[in-house]
Amino acid sequence: LADALRLPTVSPSGWKKGLLIKHPYLYSLLPPHKIGAWPLAKAILDNGIKRVAIIVSQNAFYLSFTDGLLEQLPGVEIVDR
């Protein structure tokens, strides 16, 4: 709808990887997940944690957040996802 009407639309949620690139009139108040997940990734790495289990709801927001987190955890074993 935002693109069809050429109407800038702001969503407080609904961030999904690649969504905003394809839709120039759609904006999100949430940061990209790679940025949003950085504090958690940093804490894991700074504390020398080598194994992590990830339990999240199966929706676009949490799956994208998980992808953003995993991109920043080189050398950390993901025990369960």
Could you list the donor-acceptor pairs under 3.5 angstrom formed by side chains in residues 41-51, with sequence neighbours left out?
{"unit_1": "Lys42", "atom_1": "NZ", "unit_2": "Asp46", "atom_2": "OD2", "d": "2.6"}
{"unit_1": "Asn47", "atom_1": "ND2", "unit_2": "Ala43", "atom_2": "O", "d": "2.7"}
{"unit_1": "Arg51", "atom_1": "NE", "unit_2": "Glu77", "atom_2": "OE1", "d": "3.4"}

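- Ile54 contributes atom CD1, which lies 7.0 Å from atom CG of Leu73 (distance to the nearest 0.5 angstrom).
- Clustering of Ile, Leu, Val, Met, Phe, Trp and Tyr by side-chain heavy atoms under 4.5 Å joins Ile55 with none of the others.
- Residues Trp38 and Leu70 are members of separate hydrophobic clusters, defined by side-chain heavy-atom contacts under 4.5 angstrom among Ile, Leu, Val, Met, Phe, Trp and Tyr.
- Residues forming a side chain to side chain contact (heavy atoms under 4.5 Å, CB included) with Tyr25 (at least two apart in sequence, or on another chain): Ala2, Asp3, Arg6, Pro8.
- Residues Lys34 and Gln72 share a closest heavy-atom pair of O-NE2, 2.8 Å.
- Partners of Leu5 according to the side chain to side chain contact (heavy atoms under 4.5 Å, CB included) rule, which considers only residues two or more places apart in sequence or in another chain, are Leu1, Leu7.
- Heavy atoms only, all atoms of each residue included: Ala37 and Gly68 are closest at CB-C, 4.1 Å.
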